[in-house]
Amino acid sequence: MQYKKRTHTCGELRASDAGKNVTLTGWVDFQRDLGGVIFIVVRDRYGKTQVVFNPKNNSQLHQQAAGLRSEDVISVSGKVNHRPDGMINPNMPTGEIDIAVEELTIITKSDVPPFAITDDVNASEELRLQYRYLDLRRSPLQKNFLIRHQMYQITRKYYDELNFIEVETPILMKSTPEGARDYLVPSRVHHGKFYALPQSPQTYKQLLMVAGMDRYFQIVKCFRDEDLRADRQPEFTQIDVEMSFVDEEDIYQVTEGLMKRFFKEIKGIEIQTPFPRLTYKDAIETYGSDKPDTRFDLRFTQVNELVQDSGFKVFADVVKKGGVVAGFVAPQCANYSRSQLDLLTDLAKKMGAGGLVWMKVTAETVESPIEKFIGKEVLLAVKNKMKATSGDLILLISDSWMKTYSILGNLRLEIAKRLNLLDDSKNNLLWVTDFPMFEYDENDKRYVAVHHPFTSPKIDDLPLLDSDPSKARARAYDLVLNGNEIAGGSIRIHDRTLQSKVFTLLGIDEEHAKKKFGFLLEAFRYGAPPHGGIAYGFDRICMLLTGEKSIRDVIAFPKTTSAMSLMDESPSEVDEAQLKELHIKLV
RNA sequence: GGGGUCGUAGUUCAGUUUGGUUAGAACGUCUGCCUGUCACGCAGAAGGUCGCGAGUUCGAGUCUCGUCGGCCCCGCCA
């Protein structure tokens with residue numbers, strides 16, 4: 001197919017180009033056939049330009065143009081004209097001109113597309129995913145990918161300037177215990193053996209530090225075979241970073257620098273550094289989350305002392321058992337109806353709460369269904385401690401420390417949504433620090449690492465590893481933006497003995513540790529520098545910078561919530577012969 | 001694994017509460033008319049496995065059960 005190559009893109013011609021002979025290539029965006037004159041809007045990645053076919057000039061050409069339909073690919077040549085007076089379209093950047101076509105090549109015809117390629121999308125996400133290449137033609141998605149591209153460039157430039165080197169690590173690696181479910185890849189050469197796709201390049205980047213690379217980064221795909229969410233895909237992209245001879249402050253500083261650039265170069269916003277910091281304990285006790293959304297307050301207050309000796313047995317028992325009675329004030333929600341309160345109670349119960357206690361604060365008094373048990377005095381004391389005023393609604397939960405605060409955390413977000421407190425113009429970044437080393441897994445009856453098994457404990461807490469591991473804090477940190485975890489990392493263990501000890505605490509015996517992580521322990525015999533790092537959730541940051549609600553909108557070919565690709569229909573069955581070669585039998 | 005919600009024309013939806021004539025609308029598509037439109041306009045036409053499968057019923061888009069798929073959430077995500 002012979003066609004004229006473009007001299008300009010569809011977004012660049014202006015009034016000053018009038019008189020030029022140009023060629024544009026692109027897709028037919030829209031056709032307006034007035035019987036005589038025909039207007040076609042041609043679209044490419046850069047914009048849209050209107051071209052005109054007039055039967056007076058060339059009737060054969062005009063007839064050809066009458067057959068053009070949406071999404072046909074064409075090449076048009078002609079002269080750039082100033083539009084006549086009153087015909088300028090102020091809504092189009094190229095609206096002052098159009099092109100009087102002298103030559104048209106229909107390069108490819110298009111079938112009628114299953115949905116219209118328009119900015120304000122009309123089709124369901126299901127259909128858009130099935131025809132993702134058409135969805136990606138839409139300008140809002142193209143803009144997202146332009147921002148994603150900028151993020152890649154900013155990241156590489158930034159770390160390069162700071163003397164980091166980009167190193168690729170294997171995609172086929174050893175399956176390791178701990179953490180997320182692995183995606184497995186069978187080995188053809190070695191019967192019955194499997195590679196795993198990396199959940200993260202964690203061990204490799206630590207080995208690169210042992211190798212003396214000193215400062216490493218990589219923009220890298222990671223894979224986790226877990227259930228999906230709006231902000232979670234089974235394959236996703238991280239900016240992976242590791243540095244030698246550093247402590248937490250070095251990591252914070254380097255990370256804050258990159259975030260500053262993202263915001264400045266992509267959104268034109270100066271963000272303040274250093275970012276605020278909150279310990280894990282404070283984050284949970286104040287906001288009920290280890291990734292608190294600090295764009296609004298609705299902070300929690302603990303009222304154990306006020307209710308422990310009151311007549312309300314539920315509260316008294318919880319305090320006696322070492323639990324927590326706490327709550328927060330929903331401002332001006334005292335007018336909530338019974339059914340609205342029931343909905344909140346249901347939400348709390350779904351999270352595992354025994355119930356939800358509410359108190360309505362009026363000018364004269366405090367109303368609550370538990371008044372008959374707890375007494376008016378205690379109600380007033382709670383009201384005063386929580387600084388509630390007339391018209392407010394107090395919500396209280398009583399349970400174990402973790403349960404109380406996490407349920408309150410969810411209620412807090414629900415109330416914030418109802419009160420419209422989520423201000424998208426705010427960009428609240430903060431560090432959450434001092435995570436615990438371990439949490440107890442009730443199913444497996446053992447400790448599991450909160451971050452990962454290579455995370456260093458705080459030096460002050462080393463004795464706790466022997467006495468009470470559950471109280472030991474880790475040198476781990478997360479970066480949070482408006483309630484989203486966008487990065488996380490830690491200072492690692494570089495001492496073989498300490499690493500072995502942590503493995504033991506995690507219930508990984510010496511033999512098992514040697515089998516699974518022997519290569520890392522072995523490496524630590526030959527001079528491991530102190531090191532630490534961080535990994536950013538690239539897709540999540542991109543989602544937040546583009547203002548999207550799902551990372552699917554910043555991933556070119558995403559999976560559905562059941563981990564399927566609707567376009568190419570993966571996963572799919574494979575030939576018997578392929579299975580045979582891999583020595584795999586389906587059961 | 002669990003909870004919620006949705007699935008009807010190419011597309012977006014109405015109709016399902018209370019089973020009953022030929023399942024509607026808008027956009028799109030097709031045909032004709034129309035020489036400066038830009039959501040062009042006007043006239044007309046075609047277009048349906050009501051996701052799929054059982055069941056109840058004289059009769060099911062509508063009721064019941066199962067199943068598949070989309071989205072949101074809990075669990076899970078070192």
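Keep in mind that this is a model prediction, so the values were computed, not measured. Each chain gets a letter, A, B and so on, in the order its sequence line appears, and its residues count up from 1.
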Is A:K514 salt-bridged to A:E510, going by a charged N under 4.0 Å from an acidic O? no
Could you tell me whether A:F30 contacts a base, only the sugar-phosphate backbone, or nothing, with contacts defined as non-hydrogen atoms closer than 4.0 Å? sugar-phosphate
I need the NZ-P distance between A:K403 and B:G75, as an integer number of Å. 12 Å
At 4.0 Å (heavy atoms only), tell me whether A:N91 reaches a base, stays on the sugar-phosphate, or touches nothing. nothing
Does A:D98 reach a base, just sugar-phosphate, or nothing at all? Heavy atoms under 4.0 Å. base
Select one nucleotide: of B:U11, B:C76, B:U35, the one nearest the side-chain heavy atoms of A:L127. B:U11
Using the P atom in both, what is the distance from B:A14 to B:U56, to the nearest Å? 31 Å
Check every strand shown and say whether A:T176 touches a base, only sugar-phosphate, or nothing at a heavy-atom separation below 4.0 Å. nothing
Which pairs count as ring-ring contact (aromatic ring centres under 6.0 Å, His included) when at least one residue sits in residues 481-506 of chain A, sequence neighbours excluded? A:F503-A:F517
Is A:K350 salt-bridged to A:D346, cutoff N-O under 4.0 Å? no
When you measure only distances, ignoring hydrogens and angles, does the side chain of A:R128 come within 3.5 Å of the base of B:U11 through a donor and an acceptor? no
May I ask you to evaluate whether A:T561 reaches the phosphate of B:G70, defined as a side-chain N or O under 4.0 Å from OP1 or OP2? no
Which part of the nucleic acid, if any, lies within reach of A:D225 when heavy atoms closer than 4.0 Å are counted: base, sugar-phosphate only, or nothing? nothing
B:U12 OP1/OP2 closer than 4.0 Å to side-chain N/O of A:S124: yes
Under 4.0 Å, counting only non-hydrogen atoms across every strand here, what does A:A230 touch: a base, just sugar-phosphate, or nothing? sugar-phosphate
Just to be sure I understand the rule, does A:P453 reach a base, reach only the sugar-phosphate, or reach nothing, if contact means heavy atoms closer than 4.0 Å? base
Partner of B:A26 under the Watson-Crick or G-U wobble criteria, both distances under 3.5 Å, comes out as B:U11
With a non-hydrogen cut-off below 4.0 angstrom, is A:V41 in contact with a base, only sugar-phosphate, or nothing? nothing
Where the side chain of A:M351 is concerned, which of B:G69, B:U37, B:C74 is the nearest nucleotide? B:C74
CG of A:L566 versus C1' of B:G51: gap in Å, rounded? 14 Å
Quantified in whole Å, what is the C1' atom distance between nucleotide B:C13 and nucleotide B:U31? 27 Å
Is a side-chain donor-acceptor pair under 3.5 Å present for A:Q238 with A:S200? no
Rounding to the closest angstrom, what is the interatomic distance between B:G32 and B:U37 at atom P? 24 Å
With the side chain of A:R229 defined as its heavy atoms from C-beta on, choose the nearest nucleotide among B:U35, B:C72, B:G75. B:G75
At under 4.0 Å, does any side-chain N or O of A:R69 touch on OP1 or OP2 of B:G28? no
Rounded to the nearest angstrom, tell me the gap between atom CG in A:D33 and atom C1' in B:C40. 10 Å
Do A:R83 and B:C38 share a donor-acceptor pair, side chain to base, under 3.5 Å? yes
Just name whichever nucleotide pairs with B:G36, Watson-Crick or G-U, keeping both distances under 3.5 Å, else none. none
Just to be sure I understand the rule, does A:E125 reach a base, reach only the sugar-phosphate, or reach nothing, if contact means heavy atoms closer than 4.0 Å? sugar-phosphate
State plainly whether the residues A:K458 and A:D434 are in salt-bridge range, i.e. N to O under 4.0 Å. yes
Respond yes when some side-chain nitrogen or oxygen of A:R32 is under 4.0 Å from OP1 or OP2 of B:C40, and no when none is. yes
Please confirm whether the shortest side-chain N or O distance from A:S562 to OP1 or OP2 of B:G70 is below 4.0 Å. yes
Less than 3.5 Å apart, any donor N or O on the side chain of A:Q202 or A:Q206 sitting next to an acceptor on the other? yes
Verify the distance criterion only: is there a donor paired with an acceptor across the side chains of A:E548 and A:N144 at less than 3.5 Å? yes
Taking only the C1' atom of each, what is the distance from B:U5 to B:C58 in whole angstrom? 35 Å
I want to verify a distance call: between B:G1, B:G36, B:C71, whose nearest atom is closest to the A:D227 side chain? B:G1
Quick check, does A:F115 stack with B:U11? I mean ring centres under 5.5 Å and planes off by under 30°. no
